[in-house]
Number of protein chains: 2
Amino acid sequence: MDTSNSEKKYVIGLDMGGTNSVFGIVDARGNIVAQTAIKTQGYKDFDAYVEASVQALDLIIEQVGGKETIQGMGIGAPSANYYSGNIEYAPNLDWGDIVPVKEKFEQALGLPVRVTNDANAAAMGEMTYGVARGMKNFIMITLGTGVGSGIIVNGELVYGSDGFAGELGHFVIDHSENARPCGCGRKGCLETFTSATGVARTARERLAQSNEPSLLRSLDPEAITSYDVFKAAEQGDKIALEIFEFTGYILGRSCADFTTFCSPEAFVFFGGLTKAGDYLMKPLRKAYDEHVENVFAGKAKLLISTLQGSEAAVLGAAALGWEC
Amino acid sequence: MDTSNSEKKYVIGLDMGGTNSVFGIVDARGNIVAQTAIKTQGYKDFDAYVEASVQALDLIIEQVGGKETIQGMGIGAPSANYYSGNIEYAPNLDWGDIVPVKEKFEQALGLPVRVTNDANAAAMGEMTYGVARGMKNFIMITLGTGVGSGIIVNGELVYGSDGFAGELGHFVIDHSENARPCGCGRKGCLETFTSATGVARTARERLAQSNEPSLLRSLDPEAITSYDVFKAAEQGDKIALEIFEFTGYILGRSCADFTTFCSPEAFVFFGGLTKAGDYLMKPLRKAYDEHVENVFAGKAKLLISTLQGSEAAVLGAAALGWEC
């Protein structure tokens with residue numbers, strides 16, 4: 001990230017979400033100096049999406065002094081592979097199995113591009129500008145519709161042999177016969193418990209298991225969301241509180257196990273579910289302390305990301321732009 | 001490891017086992033040019049052990065041309081910490097809680113010293129001279145009295161925030177109430193299943209669960225070893241074969257889960273239990289293939305170390321000596 005004596009004082013970061021694509025032009029200090037966004041879906045094909053992106057980008061690139069001020073572009077996208085530069089088999093995007101993101105954007109934009117998956121981009125953002133600033137070893141866990149992770153070891157992202165490392169959402173924590181089916185085709189993955197949809201699933205299970213009164217009983221079970229559970233917990237609803245107790249317990253216990261890999265300085269949690277705050281974090285911390293091996297006791301911090309909304313992902317993707 | 005134009009053409013490697021301490025003087029190509037050994041235990045204190053070591057070493061150092069030909073010394077020892085240079089709380093050594101290995105050897109020997117734990121040293125040995133040569137991402141799993149691991153990411157050992165990373169033997173794979181107690185004070189760790197003692201424990205459980213005939217029934221259950229189980233398996237004993245089936249299943253399933261962390265190019269298995277060969281590796285490979293997430297299917301190699309006896313650990317420790 002040597003930006004001294006250079007005209008290239010900005011990078012572009014793109015956080016490509018399932019719904020929105022947010023673009024930021026970022027300076028070396030991590031200030032987002034210009035921003036724009038387009039819808040991610042609804043185009044004829046990927047080429048049309050890239051065209052719309054470049055159109056939106058051209059306006060803000062102009063604002064900061066033109067393309068020659070820009071070092072490169074980093075893209076954080078679901079199922080994106082740092083090595084290949086492609087989005088590969090993304091379940092929630094309909095552009096085909098293999099989408100050559102890096103190649104298409106480089107052609108259309110005339111700038112070098114790096115891609116990585118969204119959780120990795122968030123980890124880069126936290127390390128460069130967030131609560132993990134200065135840390136060389138930490139694990140970022142994103143708790144959204146699914147569960148993703150970005151792992152930093154010795155100050156570098158862990159990409160593994162194929163670019164797909166850091167899939168802790170698909171670590172199987174329940175190997176029993178009747179474990180919860182997962183979108184990955186297997187059963188019992190962490191994601192089936194500690195994602196927003198996992199919380200809703202736990203809610204449906206708990207409500208079916210007893211006749212105990214709960215605010216959640218007024219809702220259509222199939223339509224219950226983790227936000228409904230949060231609202232009920234805020235009103236002291238016992239079942240809602242138990243759902244977060246259980247979710248935090250599973251996540252804390254799992255993190256205690258993950259510690260044996262890389263003894264991280266911190267776990268950083270990010271995404272919608274972290275809005276539950278202490279309802280999630282208190283049982284999470286308790287379970288972590290109870291389950292972690294003695295040699296690691298009291299060492300890792302359990303933190304909620306302080307970067308708001310898609311900021312971490314835009315900044316993280318942008319940080320990748322400096323590699324160009 | 002720049003050894004060009006240097007008089008320092010050798011390093012010393014020490015593999016400190018619970019029983020024997022093996023020393024090797026190693027050249028830049030990984031040839032052990034001189035070797036010696038002493039007992040690890042039975043000295044008055046650690047100072048006396050160091051004195052005996054230096055005495056034994058002096059003889060072979062003389063053989064290769066004296067101390068000025070030696071760059072430094074690497075030590076692989078149980079519970080040794082790369083960062084602190086100490087052995088910390090080793091359950092099987094009686095030199096006290098904190099043993100300043102690096103400091104004591106540097107003083108006594110007059111050479112720079114680096115230390116790491118035995119599994120990490122074995123991983124370094126595999127990467128530098130063994131089946132993992134040229135690999136940048138792999139997981140070494142040692143199957144001895146206990147289960148240890150050394151994890152290589154981006155070509156570097158994973159030490160984590162405190163030097164204790166790579167403790168996969170203490171990844172909890174059975175969170176049930178009545179899980180097997182582990183030496184670490186918790187329950188259900190991988191080590192309670194896939195170590196030599198874990199295999200013996202499985203044997204006692206299986207024998208107690210049925211009256212099926214078995215060669216193992218002629219032995220005192222408390223004295224059964226993994227070697228007894230291996231000998232019985234070689235004679236086609238059904239219960240002995242089932243014990244390895246189960247052990248391989250647990251290890252293969254666990255490795256499938258570990259893949260989500262760092263997507264390694266290979267798992268390398270090392271230590272006494274690997275002598276069981278296909279009795280262990282066949283069910284291990286089957287369970288791995290059945291449990292690994294689709295995106296990783298068919299990618300990681302499952303290999304047995306080709307470095308014999310303590311060679312991997314001596315060479316690995318020696319490799320650390322080049323860092324001096």
Side-chain angles (χ1 to χ4, degrees), chain A residues 79 81 88-89 135-139 149 151-176 182 184-190 249-250 253-254 256-266 290-297 299-301, chain B residues 79 81 88-89 135-139 149 151-176 182 184-190 249-250 253-254 256-266 290-297 299-301:
Chain A
S79 307
N81 188 305
E88 304 186 14
Y89 307 99
M135 291 186 194
K136 297 273 188 211
N137 294 279
F138 71 96
I139 296 181
S149 65
I151 303 170
I152 303 284
V153 163
N154 295 333
E156 289 182 352
L157 258 170
V158 177
Y159 285 115
S161 63
D162 60 354
F164 287 117
E167 275 273 284
L168 298 182
H170 296 285
F171 202 104
V172 176
I173 60 147
D174 180 3
H175 282 288
S176 67
C182 183
C184 75
R186 300 174 310 149
K187 290 194 292 188
C189 297
L190 180 63
Y249 169 80
I250 292 290
R253 195 185 77 180
S254 300
D257 281 332
F258 297 156
T259 294
T260 62
F261 276 106
C262 59
S263 185
E265 196 172 336
E290 280 171 7
H291 287 86
V292 80
E293 196 186 344
N294 284 341
V295 69
F296 302 119
K299 288 181 179 170
K301 297 184 193 85
Chain B
S79 308
N81 189 306
E88 306 187 13
Y89 306 99
M135 291 187 192
K136 297 273 188 209
N137 294 279
F138 71 96
I139 296 181
S149 64
I151 305 171
I152 303 283
V153 163
N154 296 331
E156 290 181 352
L157 260 171
V158 178
Y159 286 114
S161 63
D162 60 355
F164 287 116
E167 275 274 286
L168 298 183
H170 296 285
F171 201 103
V172 176
I173 61 146
D174 180 3
H175 281 288
S176 69
C182 183
C184 74
R186 301 174 310 148
K187 290 194 293 188
C189 297
L190 180 63
Y249 169 81
I250 292 289
R253 194 186 79 181
S254 300
D257 282 332
F258 297 158
T259 294
T260 61
F261 177 75
C262 58
S263 186
E265 196 172 335
E290 281 172 5
H291 287 87
V292 80
E293 196 185 344
N294 284 341
V295 69
F296 302 117
K299 288 182 179 170
K301 297 184 193 87

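In the text below, chain A, chain B and the rest are named by the order of the sequence lines, each starting its count at 1.
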Side chain proximity check, Phe261(B) to Phe171(A), heavy atoms < 4.5 angstrom: no
Closest approach of Gly160(B) to Ala165(B) (non-hydrogen atoms, all atoms of both residues): N-CB, 3.6 Å
Part of Leu190(A) lying under 4.5 Å from any heavy atom of chain B: neither
Options Lys299(A), Glu265(A), Glu156(A), Glu167(A), ranked by heavy-atom pairs under 4.5 Å with chain B, top entry: Glu167(A)
Contact winner vs chain B - Val158(A), Val172(A), Val153(A), heavy-atom pairs under 4.5 Å: Val172(A)
Top contributor to chain B interface from Lys187(A), Met135(A), His291(A) [non-hydrogen pairs under 4.5 Å]: His291(A)
Distance in Å, Phe138(A) CZ paired with Ser161(B) OG, rounded so as to fall on 0.5 Å steps: 12.5 Å
Ring-ring centroid check Phe164(A) Tyr89(A), cutoff 6.0 Å: no
Among Ile139(A), Thr260(A), Asp162(A), residue most engaged with chain B (heavy-atom pairs, under 4.5 Å): Thr260(A)
Gap between atom NE2 of His170(A) and atom CZ of Phe296(B) - 0.5 Å precision: 9.0 Å
Most chain B-contacting option - heavy-atom pairs closer than 4.5 Å, from Cys182(A), Gly185(A), Cys262(A): Cys262(A)
Closest-packed option against chain A by number of heavy-atom pairs under 4.5 Å, given Gly169(B), Ser263(B), Ala266(B): Ser263(B)
Least distance between heavy atoms, Gly166(A) atom then Ser149(A) atom: O-OG, 2.7 Å
Part of Asp257(A) within contact of chain B (heavy atom distance under 4.5 Å): both
Contact check, side chains of Phe258(A) and Leu168(A), non-hydrogen atoms, under 4.5 Å: yes
Segment of Ile151(A) engaging chain B (4.5 angstrom heavy-atom cut-off): side chain
